[in-house]
2 protein chains.
Amino acid sequence: MNVTQTPFGLKLGAFMNLTVEESAELSQLHSRRKKFAHGTDMIYQGQPKQAAYVLASGWACSYRLLSGGERQIISFNIPGDFLGMRSMMAHNTDHNIEPVTRAEASEVLAADLSQTFKNSPRFTAAMLWAISRDEAILMEHLVGIGRRDAKERTAHLLLELHARLKLVKMTSSSSFACPLTQYLLGDALGLSAVHVNRVLRELREDGLVTFQHGEVEFQDLKGLIALADFDSDYLDQNGVLLN
Amino acid sequence: MNVTQTPFGLKLGAFMNLTVEESAELSQLHSRRKKFAHGTDMIYQGQPKQAAYVLASGWACSYRLLSGGERQIISFNIPGDFLGMRSMMAHNTDHNIEPVTRAEASEVLAADLSQTFKNSPRFTAAMLWAISRDEAILMEHLVGIGRRDAKERTAHLLLELHARLKLVKMTSSSSFACPLTQYLLGDALGLSAVHVNRVLRELREDGLVTFQHGEVEFQDLKGLIALADFDSDYLDQNGVLLN
DNA sequence: TTGCTGTTTTGATGTGGATCAATGTTATCC
DNA sequence: GGATAACATTGATCCACATCAAAACAGCAA
């Protein structure tokens, strides 16, 4: 299979066109495939070997648990995302990553990665781009929790997921399959699951989006974008989407 | 001056010992010095040239403005921090960085940086470490805003700043100089300045910390750490601090 | 000394979202 | 067909923090 058509390839393609050699290099990284079932952590505190993964299929989420038992989901991960850069670089891993659905991922060894960095400066740049983009997503998430109310926040997240999934060709024009429960949404949005439910109902009643039976459908995309004050620039993929 | 004693050198030193050659390489990056006054943005939306900086002295903060006029401070930056990685990699800059005090920073050109990456894989790793660490700080911030109450959050931020400043030798054992206003704290913590004031008073009355006249003083460090549920692991600098 | 400007402090009142407690829905398995 | 489990929905009550308003204070310029 052509690597440029994998989710990871599609994503990096938003930053630059991959040469034949780079595609080959990428295939290497992409070889050691692993499967994860719902309920088993992919990355966790105190794990023996520092590993990183490229998510090939399925969704995951990274989260932190507080001593009081509450949890905060840091980010949702979709196919093409690179997981665990931090657990590879840092001496302690302080957050967990668990699959939301069944998931497949390619394990990336630190040695291989640094070899690839050496071989291809352009690939290095692309990885830095991907990392910065993840950071931008995190920032936007922070802004949402800090300064947007529950409705705006929820709308924003749905719009973001739509845009990100679009990049890896996992959407139809105005809907996408979404395996997240209201509990997961709550843990990500800093809301109770109960309140997430109310917010989703309001959005539905306003004729903006519906989220039912694992499917998010946008009824009024413009209205939703206005409500959420959503500007996709931070995802840095507009050039690609316009093509 | 020995680069290893600059804040940036001290910080990277937490990850690895710099060789003589690496120090030289680092000095190169560190040469084009610029000054910034309070009130002029260092990095802003739509700026002509993509630049990055290493903060040499003074404090800064990066923030996002919402259409409603509210702002969310993403992070506070102290000497040794690398600023603007994202504005260098991405096609659009979506957040601003402004100095909190007068500040000096070394401008880093994209070309120089990628050259340095090519020359020194170890430096590349150190930069990735620094980036991951920034991401971890951001995550912790997110967790705080999402799941901690105002008092815990405030305490946590003060403890984090103390630990980070320690790494670049800008603290005394139980206090540090802090140029932040209560408005800035509020914008970072997702609180109103009024509420920040009340929280600071409570912390003072509890005999935990005082923050007055630009000086943060810890009265009961253990108590504060317990209150904030603070675990410095995420800063990945414990090994260094123990030496 | 007198402002002027930015910052801190305190009080009174209002609200978004948490929490508690049920009930409804759907899927799965026997 | 009933039992069980996971998830979604709705109502009632409460509190942490926002918002509004005003005063006290510090630093600085003239």
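Below, chains carry the letters A, B, ... as their sequence lines are ordered, and counting in each starts from 1.
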Rounded interatomic separation in angstrom, taking [atom1] from [X] and [atom2] from [N]:
X      : N      : atom1 : atom2 : value
B:H195 : C:dG11 : NE2   : C1'   : 15 Å
A:N197 : C:dT19 : CG    : P     : 16 Å
A:E202 : D:dG11 : CD    : P     : 12 Å
A:K151 : C:dT15 : NZ    : P     : 17 Å
B:Q182 : C:dT10 : CD    : P     : 10 Å
A:R198 : C:dA21 : CZ    : C1'   : 12 Å
A:L185 : D:dC7  : CG    : C1'   : 12 Å
A:I145 : D:dC17 : CD1   : C1'   : 17 Å

With heavy atoms under 4.0 Å as the rule, sort [X] into base, sugar-phosphate or nothing.
X      : answer
B:G190 : sugar-phosphate
B:S192 : base
B:R201 : sugar-phosphate
B:L200 : nothing

Next item on the list: For residues B:K11 and B:F82, report the shortest heavy-atom separation together with the two atoms involved.
Entry: NZ-N, 4.4 Å
Check: Would a distance-only check, ignoring hydrogens and angles, find a side-chain to backbone donor-acceptor pair under 3.5 Å from B:E160 to B:S232?
Finding: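 Side chain of B:E160 to backbone of B:S232: no pair is present.
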Next item on the list: Would you mind telling me which residue lines up with the more 5' stretch of DNA chain C, B:F211 or A:R153, judged by nearest nucleotide?
Entry: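 The 5'-side residue here is B:F211.
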Next item on the list: Have a look at A:L208 and tell me which of A:I225, A:D220, A:L221 forms a side chain to side chain contact (heavy atoms under 4.5 Å, CB included) with it.
Entry: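 Answer after filtering A:I225, A:D220, A:L221: A:D220.
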Margin query: Testing B:Q182, B:Q212, B:H195 one by one against B:L200 for a side chain to side chain contact (heavy atoms under 4.5 Å, CB included), which residue passes?
Written below: B:Q182
Check: Taking the side chain of B:V194 as its heavy atoms from C-beta onward, which of C:dT10, C:dA21, C:dT8 lies nearest to it?
Finding: C:dT10
Item checked: B:R102, CZ atom: more than 12 neighbouring heavy atoms under 6.0 Å ->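 12 or below, so no.
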Item checked: 5' precedence on DNA chain D between A:R147 and A:Y183 (nearest-nucleotide basis) ->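 It is A:Y183, whose closest nucleotide lies nearer the 5' terminus.
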